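To start, the structure itself, in C-alpha cells.
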Number of protein chains: 2
Amino acid sequence: MVGLASSIERRNGVSLWRQIADRILQAIANGDFAENAALPPEIALAERYGVNRHTVRSAIAALTQEGVLKAEQGRGTFVMSRKRLSYPIGARTRFSTGLQGQTSERHIALLSSSTEPASRRVAEALDIARGAAVIRLETRGEADGHAVSRATTWFDAKRFAGIETAMAETGSITASLKRFGINDYLRHSTVLSARHADADDLAALDLQPGAIVLVTIAVNVTLDGEPIQFAESRFPAERVELKLSAL
Amino acid sequence: MVGLASSIERRNGVSLWRQIADRILQAIANGDFAENAALPPEIALAERYGVNRHTVRSAIAALTQEGVLKAEQGRGTFVMSRKRLSYPIGARTRFSTGLQGQTSERHIALLSSSTEPASRRVAEALDIARGAAVIRLETRGEADGHAVSRATTWFDAKRFAGIETAMAETGSITASLKRFGINDYLRHSTVLSARHADADDLAALDLQPGAIVLVTIAVNVTLDGEPIQFAESRFPAERVELKLSAL
DNA sequence: TATAGTTGTCTATATCAATAGACAAATTTT
DNA sequence: AAAATTTGTCTATTGATATAGACAACTATA
C-alpha cells in the first residue's frame with residue numbers, strides 16, 4: 001500500500017502512539033497483516049515508525065483494549081479483528097437488508113426520542129416550516145452485537161405522530177413507516193464527510209477517544225418525491241466502510 | 001446542531017487544543033459561525049468546552065496558521081474561511097465538471113509517475129494478471145489554487161503506454177483517455193472510508209497534522225464494462241464533502 | 001474620557017507523552 | 001539444557017500539554 005512506512009508527524013496535537021495505533025488499524029484493514037497472524041515484534045515496529053519501543057507499546061495497549069490485538073508474553077502480538085463491514089449506500093439503502101450476508105443478526109435500537117421545533121436545516125430538508133414540530137430519534141445500529149452506526153433522525157411530527165413507539169417495537173425504520181402507509185421509499189440525497197467522534201458517539205459506538213467517524217446526511221423521500229425522513233448517521237471508520245451502489 | 005457543546009475527551013491521544021480546533025472547523029463548515037463574523041470570545045469558548053482559556057488559544061493559534069481564523073487584539077477573532085467544497089460522486093464522476101459553479105479554475109497536477117508490477121488489489125480491480133506491469137500516477141487536484149484532492153491511479157501499462165505524458169500535457173484524465181480511443185467511461189464501484197492523513201497527504205494537501213482525509217477507492221470502466229482505471233483518492237475532510245448522485 | 005470587553009504575554013505548576021536503559025518472565029528454537 | 005526471541009515491568013529524564021492567575025495592550029462603547 002501507499003506509504004505504509006511513511007513517517008510520523010510530531011507535535012501536531014495527535015500523540016505518536018495514537019498515530020501508530022491508526023496505522024496499525026489501517027494496515028490490518030488493508031490486509032497487510034492476516035487475521036490471527038502475529039504482528040512484527042515491538043522492536044521492529046519501533047524501528048519502522050522511527051519511535052521508541054515504549055511508544056509502540058502504548059499503541060498496542062490501546063488496540064488491545066479495543067479488542068483488535070492480543071499480546072502474549074514470549075510469543076508475540078496477534079491480530080484479533082475481523083475485516084471491516086461494508087455498508088452499501090444507494091437509492092434503496094436500508095439498514096437491515098444492506099448487511100445481509102455479512103452478519104447473522106442486525107437491528108436498530110432506539111436510544112431516545114423527543115419532539116422539538118425544526119431547525120433551519122431540518123425544515124429545509126423535510127420541506128416544512130421552520131419551527132414546526134418534528135420528532136427526533138436517537139438510534140444505534142447493531143450487527144451481531146456490535147455497534148456499527150449511530151444516527152439522529154427527524155420526522156414531521158404532524159404526519160408521523162407516534163413513530164417512536166413503532167421504532168421501539170419493530171426496531172426497523174422500514175417497518176415503522178409501513179404503519180403510516182409508506183410501503184416504499186427512496187434515498188433522495190446523501191452528503192458525506194468525516195470527523196473525530198464526539199463524546200456521545202464514543203460511548204454509543206464503543207470507540208476509543210480519537211477515533212474517526214464517517215458522517216452521512218441523507219434525505220429519504222416517497223416514490224412521489226415527498227420528503228419523509230432526514231437523518232445524520234455516524235459510522236466508525238475503523239469498523240465500517242461505505243460501498244456506493246446504484247441509485 | 002447535534003452536540004455542539006458536547007464534552008471533550010481527555011487523555012485519548014488527541015490533545016485538547018486539536019479537538020477544539022476540529023470542533024471550531026466543524027462549526028464553521030456547518031454554518032454556525034457566519035463568514036467574516038466574530039467567534040465568541042476566548043473566555044466564552046473556554047467555558048463552553050470546559051477547558052482553560054490558554055487551551056482555546058492554542059486551538060485558535062493552529063487555525064490562524066491554517067488561515068481559517070484571524071485574531072485582532074482588542075476586537076475579537078474572525079472567521080476567514082470559505083465553506084466546504086461539495087464534490088459530487090456518481091456514475092459520471094469527473095474531476096473538472098464536478099466542481100463547475102463552485103470554482104473558477106480547476107485542473108489535475110501530475111506529481112510523479114512510475115511503472116510497477118500490479119499488486120493483488122490492483123490486479124483484481126483491473127482484471128489483469130498479478131504482477132503484470134501497471135502505470136502508477138500520483139496526482140493532486142487543484143481548484144482556485146487550493147489542493148482539494150490527492151490521488152493514486154493505476155492503468156494497465158500494456159494498454160495505456162504513455163498515459164503519463166498525456167496527463168502531464170492535458171491535466172485531465174478524461175482528455176488523456178480520449179487519446180487511447182476512450183470517449184466515455186463510467187464509475188463502476190466506489191468504496192468509502194476515512195482516516196488520519198499521512199505525512200505525504202499532509203504535504204500535498206497543505207494540511208496541519210492530525211487532519212482527517214476521506215478516502216475513495218474506485219474503478220472506472222468502459223461502456224462495455226471493461227475496467228480501465230483503478231484509483232485511491234484522498235480528500236481533506238475539513239475542506240471537502242462528498243455528494244452522492246445517481247450512479 | 002472612562003469603562004468594559006477582548007486579545008496578548010508572562011510566570012508557575014502539575015500531568016501526559018516520549019525517550020532511554022536495564023532486567024524479569026514467558027515462549028520458542030537450537 | 002541452553003540460547004535466542006519476545007512481551008512485561010521498573011526507574012529516570014526531557015519536552016509537550018493543560019491549568020491557574022495576573023497584568024499589559026488594544027478596541028469599542030457608554
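Since we're looking at a predicted model, the values are computed, not measured.
- A salt bridge links A:R136 to A:E138: one of the charged nitrogens lies within less than 4.0 Å of a carboxylate oxygen.
- For a distance-only test at 3.5 Å, the side chain of A:R53 qualifies as a donor-acceptor partner of the base of D:dG8.
- Rounded to a whole Å, the CD atom of A:E42 is 17 Å from the P atom of C:dA25.
- Counting non-hydrogen atoms under 4.0 angstrom, A:T77 reaches the backbone sugars and phosphates but no base.
- The nearest whole Å value for the distance from the CG atom in A:L45 to the P atom in C:dT19 is 14 Å.
- Side-chain atoms of A:T64 come within 3.5 Å of backbone atoms of A:I60 as a donor-acceptor pair (strictly under, hydrogens ignored).
- Nucleotides of DNA chain D nearest to B:G74 and A:Q73 differ in position, and the one nearer the 5' end is that of A:Q73.
- Under 4.0 angstrom from either OP1 or OP2 of D:dT19 there lies at least one side-chain N or O belonging to B:T55.
- Across the protein-nucleic acid pair, B:H54 atom NE2 and C:dA14 atom C1' stand 14 Å apart, rounded to whole Å.
- Between A:R57 and D:dT7, a side-chain N or O to OP1/OP2 separation shorter than 4.0 Å is absent.
- When the nearest nucleotides of DNA chain C are assigned to A:N52 and B:A71 by heavy-atom distance, the more 5′-ward of the two goes with B:A71.
- C:dA26 atom C1' lies 12 Å from atom CZ of A:F78, rounded to whole Å.
- The nucleotide whose nearest atom lies closest to any side-chain atom of B:S15 is, among D:dA18, C:dT27, D:dT7, D:dA18.
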